[in-house]
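Please read the structure below before turning to the comments.
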Amino acid sequence: MTQIRVRFAPSPTGFLHIGGVRTALFNWLYARQQKGVFVLRIEDTDQGRSTDESIQAIIDGMRWVGLDWDEGPFRQTERIALYRDYAMKLLIQGQAYWCVCTPEELEGRRREAEAKGLSPRYDGRCRNLGIKEPTEEAALRFKAPQEGHTVVDDLIKGKIVFENQVLDDLIILRSNGYPTYNFSVVVDDALMRITHVVRGDDHLTNTPRQVPIFEALGFPVPRFGHLPMILGSDKTRLSKRHGATSIMAYKEMGYLPEAMVNYLARLGWSHGDQEVFSRQELIEKFSWDHVQKSAAVFNPEKLLWLNHEYIKTSPPDSIVQELVPLLVRAGMEDEVRAVSKEWLAQLVVLVRERTKTLTDMVMWVTPYFGQRVAYDEEAAKKYLTPTVAPALEKLLNRFQSFPAFSKPEWEEAFKQLVEQEGMKMGQLAQPVRVALTGRTASPGLFDVMEVLGRERTLDRLRQGLERARASATTDASAAR
RNA sequence: GUCCCCAUCGUCUAGCCUGGCCUAGGACGCCGGCCUUUCAAGCCGGCAACACGGGUUCGAAUCCCGUUGGGGACACCA
């Protein structure tokens, strides 16, 4: 059995987008499952549009989602000599010819054909001219077969038959000496001994154009698989209009790479009713025959849900690791340095079921750092009032009588006080919540206290009490 | 215009190959309820789909043909 070799071959003309990542993922999953080889190849033969920043973006994106490659990254621009050699081979074999039609002429004829309702194909004008040594600028064209048919047995779509008469003679070498896509892919896929070419749906009709080139060059023809596209909510091809499409944008928004991988795998592929897969499970369970044939709409809500699932179930330590850089970036470097990793993990557990992204988590976690509480003004105004000050003070006294924090004891003391004062739970809970966190929404009060610890809980209660009393004077002066 | 692909709830999908277990299952979202010190989470329930038309068959989401609709390709882009 020969070893499986697959590749991801993006062109570096922008950031790495969601669709590209999914194509890479399916290739990667198959490679890992089959103990094969995953090759990364940069298709940068379009001099005008390719940039180094884009190459870096591809590499960064692949690394972030953890799709590691075994060979490459290869750059086609470093392999130009190779393509020329093989192009010359075709010329010598009589399977390619020089074409001196200028791009302008071609464009004109194409438009004419279209106006007449004909196929805008190359008319084969130079095919039988037999130009040996072109004296002017010339491109090299492949002599495509004109009869018979080409059969592609696609891994995803099944058997597809193309009539060769719909093919035209495509340019394989531009007049500037650079190969075109349909030629360089063939040479590279052959030379890199790719066994399974898996790419976007949009390449499906390129396949019957490429197969004859493999054959003319005497290369074995690989298997092909064409992945359906990813659409935006309006069912048009996913693009910037639909919001974030760059993979790194999701990192910025606080998504976990594992959630992204899980979501993308499940978009267009399924394994029964299962929704959540570990990376290892994906590798084990992936299969071409459960890849959907039709395009899929990208659903940010479901991704968000999955991200939350991962935030809730990942080991807190690993979340801490992702979170810390975000806290630092939010200007809390000193605060983070002052606490232990263990405490941070505790904090993550405290808030994780109400944070769908790491960015959410930063927001939720900030009140627990530092000595002073930053009150939400509206919350403080509403709940830290002179009316609650006496109860707050009694609570503080009770808590102070405990030498250490104990969740059941403190909770019991709290409830007793509420009862004695003839209050409702919420009447004291909300002011305490604001005192402890500065906000009206938080995790369970006693869980908050546990994370804060005895001293800081008492301290914040004191601060809250002060504020409650202070607002009395404010009220009084306002009344006057 | 020509060629190719595709078609199950709003969305992702199971089922289709190997017809009956499908009065079509799950998930996201949405709606309602329970729980509850807030916000979540959790639990329970609900709404919601086989594009259409012909066949084949005792029986079709499943097989065949057609129609319609959507998408892709037809560059000296990839």
Side-chain angles (χ1 to χ4, degrees), chain A residues 9-13 43-46 48-50 99 101-103 106-107 110 113-122 137-141 152 154 156-158 160-163 165-168 170-176 178-182 184-185 199-209 226 228-229 231 233 235-237 263 266-276 289-290 292-306 308 312 351-356 364 414-415 418 424-430 432-434 437 439-446:
Chain A
S11 58
T13 54
E43 311 224 320
D44 58 348
T45 55
D46 185 344
R49 297 198 304 153
S50 300
C99 172
C101 302
T102 66
L106 258 16
E107 178 61 27
R110 201 161 27 235
E114 251 165 35
K116 284 188 209 154
L118 298 169
S119 267
R121 311 185 307 162
Y122 178 61
E137 287 231 319
L140 196 66
R141 278 184 194 272
V152 177
D154 195 271
I156 294 154
K157 312 256 185 191
I160 306 164
V161 179
F162 298 90
E163 295 302 323
Q165 47 182 324
V166 306
L167 266 31
D168 61 352
L170 54 95
I171 288 176
I172 56 179
L173 227 49
R174 295 181 249 247
S175 50
N176 68 4
Y178 275 76
T180 55
Y181 164 76
N182 275 307
S184 54
V185 254
R199 69 241 291 197
D201 222 346
D202 45 340
H203 288 293
L204 189 56
T205 52
N206 278 327
T207 312
R209 300 159 74 91
H226 290 91
M229 328 217 15
L231 273 25
S233 50
K235 304 222 175 188
T236 63
R237 201 177 175 141
Y263 177 72
R266 217 20 217 79
L267 187 64
W269 172 82
S270 62
H271 183 79
D273 286 339
Q274 191 172 346
E275 296 287 352
V276 182
D289 44 65
H290 281 93
Q292 203 76 1
K293 288 178 176 169
S294 49
V297 174
F298 182 80
N299 183 349
E301 260 113 41
K302 191 158 184 179
L303 170 62
L304 193 61
W305 168 78
L306 249 184
H308 193 195
K312 284 188 292 183
V351 303
R352 67 181 174 184
E353 62 195 31
R354 47 218 102 203
T355 59
K356 288 178 197 277
W364 273 82
F414 189 99
K415 282 182 177 155
V418 165
K424 279 189 188 152
M425 193 66 180
Q427 288 180 297
L428 189 56
Q430 282 306 78
V432 169
R433 188 183 314 285
V434 175
T437 68
R439 307 177 184 178
T440 52
S442 84
L445 271 190
F446 302 96

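Chain naming here is simple, since letters A, B, ... match the order of the sequence lines and numbering starts at 1 in each.
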Touch class at under 4.0 angstrom, heavy-atom based, for A:Arg110 against every strand present: sugar-phosphate
Any A:Thr45 side-chain nitrogen or oxygen under 4.0 Å from OP1 or OP2 of B:A78: yes
Polar side-chain contact A:Asn206-B:A78 base: donor and acceptor under 3.5 Å: yes
Nucleotides 32-52 of chain B: protein proximity per nucleotide (B base, S sugar-phosphate only, - neither; heavy atom, under 4.0 Å): -----BBBBSS----------
Salt bridge (charged side-chain N to carboxylate O under 4.0 Å, His left out) against A:Glu275, all qualifying residues, sequence neighbours excluded: A:Arg266, A:Lys302
Sugar-phosphate only, base, or nothing, as touched by A:Ser119 at under 4.0 Å among non-hydrogen atoms: base
Residues which pass side-chain hydrogen bond (donor to acceptor under 3.5 Å, both in side chains) with A:Arg433, listed by chain and number, not counting sequence neighbours: A:Gln430, A:Ser442
Touch class at under 4.0 angstrom, heavy-atom based, for A:Phe162 against every strand present: sugar-phosphate
From CA spacing to verdict: salt bridge (Lys or Arg N to Asp or Glu O under 4.0 Å), A:Arg49, A:Asp44: CA-CA 8 Å; A:Arg49 297 198 304 153; A:Asp44 58 348; over 6 Å; no
Sugar-phosphate, base or nothing in reach of A:Ile171, heavy atoms under 4.0 Å: base
Distance-only donor-acceptor check, side chains A:His226 and A:Asp201, under 3.5 Å: no
Summary of protein contacts for nucleotides 10-18 of chain B, nucleotide by nucleotide, where a base hit scores B, a sugar-phosphate-only hit scores S (4.0 Å, heavy atoms): -BBSSS---
Base-pairing assignment for B:A51 (Watson-Crick or G-U wobble, both under 3.5 Å): B:U67
Which residues share a salt bridge (charged side-chain N to carboxylate O under 4.0 Å, His left out) with A:Arg110, sequence neighbours left out: A:Glu107
B:A60 versus B:A24 - spacing of their C1' atoms, nearest Å: 13 Å
Set of side-chain contact (heavy atoms from CB on, under 4.5 Å) partners for A:Asp168, sequence neighbours left out: A:Arg121, A:Tyr122, A:Arg209
